[in-house]
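Notes to accompany the following structure.
Just so we're clear, the structure is a prediction, and the values are computed from it rather than from any experiment. Note that the numbering runs from 1 along the sequence shown for the chain.
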Amino acid sequence: MGAVSTAPRSRVSARLSAIAPSATLVVDAKAKALKAAGHPVIGFGAGEPDFATPDYIVEAAVAAAKDPANHKYTPAKGMPALREAVAAKTLRDSGYEVCPDDVVITNGGKQAVYEAFAAIVDLGDEVILPAPYWVTYPECIRLAGGTPIEVFAGADQGYKVTVAQLEAARTERTKAVLVCSPSNPTGAVYTPAELTAIGQWALEHGVWVITDEIYEHLLYDGAQAAHIVALVPELADQAIVLNGVAKTYAMTGWRVGWMISPSDVTKAATNLQSHLSSNVANVSQVAALTALSGDLSAVHDMREAFDRRRLLMVDMLRGIDGLVVPVPQGAFYAYPSVEGLLGRTLRGTVIDSSMTLANLALEHAEVAVVPGEAFGRSGYLRLSYATSDANIAEGVGRLQQLLAEAV
């Protein structure tokens, strides 16, 4: 009889122990804690509009809360009316038809991301992940049993990967590629021609495309809205589209996202969700239905404010020696390269990484930024301009003063 091991067993599963915390939420929580303690911290960490949800959406939710029909379970995949609204919105904004039965309403965009990977990725599958990437993508890939394969594009490429890079990363184990345009964290926007090339490459090689389009309405400088399934219609049977109301309608706290996928994938994701969380809160679903069914005037007003703030932030960041600041064409993030500051000394500390620089900024300037390590590679910072003009002027001004001391 074999010996019984006396080594202590971990109380937490290896699967969950391996997950890294969301760096953006960690930075945001730290900034809020310091502000609560009386420090004048300015936070550029969270990817969250600073606007209130439009009144007409809130009023619809208040009425929904008073309706007893919304006090009960509804279908796990989402209210039929909301799934129909998502299909109508897709036709309006993306230019192609989807069946409402192929829509799953999820608890925010993150659940849509998780369910997309869980539905198609098996143990040992590889998912090509263009970097810089949003912090949640690689963790969801790993939870599904897959391996994220990073393909990096720096500031010199406008943070956009090429088909040649994707092909170089492809192996017989490649199952999918992730596309996020407009991009979190960089604000990069792929052109229709670039997305068409990626879609045709994926189609040729039988690679699934998971496309995150949650920032689709936040475009600047004449950047074109581009939807990979509309550009390459044959891709529809091997594509999963992720979206939600959070960024477009300032509804991050309402937790409503969705995924659009082929029928077999939709069925699998629905089965998972039926056990994981059942239906999204009905009041939130009604709010999302109201948002999608209305016009985009409130969205346009927010976009104009983001555009103004974008230009202010980029202009001020470009006044800092050592930074390279591509102009973001979408979303609400600036993503400067700080590689020119590495090796310099600031307040007695050698800047050996963007993580060190972010810590110095919080400690000495009381400005919260997210280091590039969170998004795949050191040497960069993410700053959200989803905050007031005054905060941008004050916060980046503090960074200008602090980093002028780096020698």
Side-chain angles (χ1 to χ4, degrees), residues 15-16 19-22 24-26 28-29 46-49 53 57-58 60-62 64-65 67 69-87 89-90 98 100-121 134-144 178 180 184 210-216 240-261 265-293:
R15 185 184 304 108
L16 295 192
I19 298 175
S22 169
T24 53
L25 295 184
V26 168
D28 187 52
E48 180 173 45
T53 302
I57 298 173
V58 176
V62 171
D67 184 350
N70 294 318
H71 302 171
K72 307 295 182 182
Y73 291 124
T74 51
K77 71 190 298 184
M79 291 179 171
L82 180 52
R83 289 187 280 111
E84 291 169 4
V86 168
K89 166 257 177 298
T90 302
V98 299
D101 284 341
D102 289 335
V103 176
V104 180
I105 307 300
T106 60
N107 287 279
K110 284 187 177 180
Q111 188 173 34
V113 172
Y114 170 72
E115 291 182 3
F117 288 118
I120 67 168
V121 173
W134 182 43
V135 296
T136 294
Y137 297 140
E139 306 307 329
C140 288
I141 293 168
R142 294 186 183 102
L143 276 173
L178 189 286
C180 180
N184 176 3
I210 298 178
T211 173
D212 189 340
E213 301 180 354
I214 202 163
Y215 293 95
E216 64 179 331
I240 301 175
V241 180
L242 310 176
N243 210 324
V245 295
K247 314 298 182 178
T248 300
Y249 299 95
M251 294 178 68
T252 52
W254 297 82
R255 311 313 302 142
V256 182
W258 60 82
M259 58 180 285
I260 303 169
S261 53
V265 174
T266 300
K267 181 179 179 180
T270 301
N271 287 342
L272 171 59
Q273 187 160 300
S274 71
H275 295 291
L276 184 66
S277 61
S278 299
N279 61 282
V280 175
N282 295 326
V283 171
S284 290
Q285 290 196 70
V286 172
L289 172 60
T290 304
L292 295 182
S293 301

| request: May I ask you to test the Val245-Trp258 pair for a side-chain heavy-atom distance under 4.5 Å? | output: yes
Discussion item. Using only atom types and a distance under 3.5 Å, with no angle test, would you say the side chain of Gln273 pairs donor to acceptor with the backbone of Ile105?
Written reply: yes
Output for pair (Met259 CE, Ile240 CD1), nearest 0.5 Å, gives 4.5 Å
Look only at the side chain of Thr290 and the backbone of Ile57, and say whether a donor-acceptor pair between them is shorter than 3.5 Å.
no
| So, Asn184 side chain and Trp134 main chain: donor-acceptor pair closer than 3.5 Å or not? | no
For Tyr137 and Phe117, the nearest pair of non-hydrogen atoms, with its separation, is O-CE1, 4.2 Å
Can you find a pair of side-chain heavy atoms, one from Arg15 and one from Leu143, that are under 4.5 Å apart? yes
Shortest non-hydrogen pair, Leu242 vs Ala112, comes out as CD2-O, 3.7 Å
Evaluate Gln111 against Arg255 for side chain to side chain contact (heavy atoms under 4.5 Å, CB included), listing each step before the verdict.
CA-CA 9 Å; Gln111 188 173 34; Arg255 311 313 302 142; over 6 Å; no
Quick check: are there more than 12 heavy atoms from other residues, nucleotides or ligands sitting under 6.0 Å from NZ of Lys89? yes
Any donor-acceptor pair under 3.5 Å linking the side-chain atoms of Thr106 with those of Glu115? no
- Query: Taking C-beta and beyond as the side chain, do Met251 and Val256 meet within less than 4.5 Å on heavy atoms?
  - Reply: no
For a side chain to side chain contact (heavy atoms under 4.5 Å, CB included) check, start with the C-alpha distance between Tyr249 and Leu292, then their side-chain angles and the critical distance, and finish with the verdict.
CA-CA 9 Å; Tyr249 299 95; Leu292 295 182; 4.0 Å; yes
Q.
Pair Ile210, Ile120 - check side chain to side chain contact (heavy atoms under 4.5 Å, CB included), show working.
A. CA-CA 10 Å; Ile210 298 178; Ile120 67 168; 4.0 Å; yes
Is there a side-chain contact between Asn282 and Met79 (heavy atoms, below 4.5 Å)?
yes
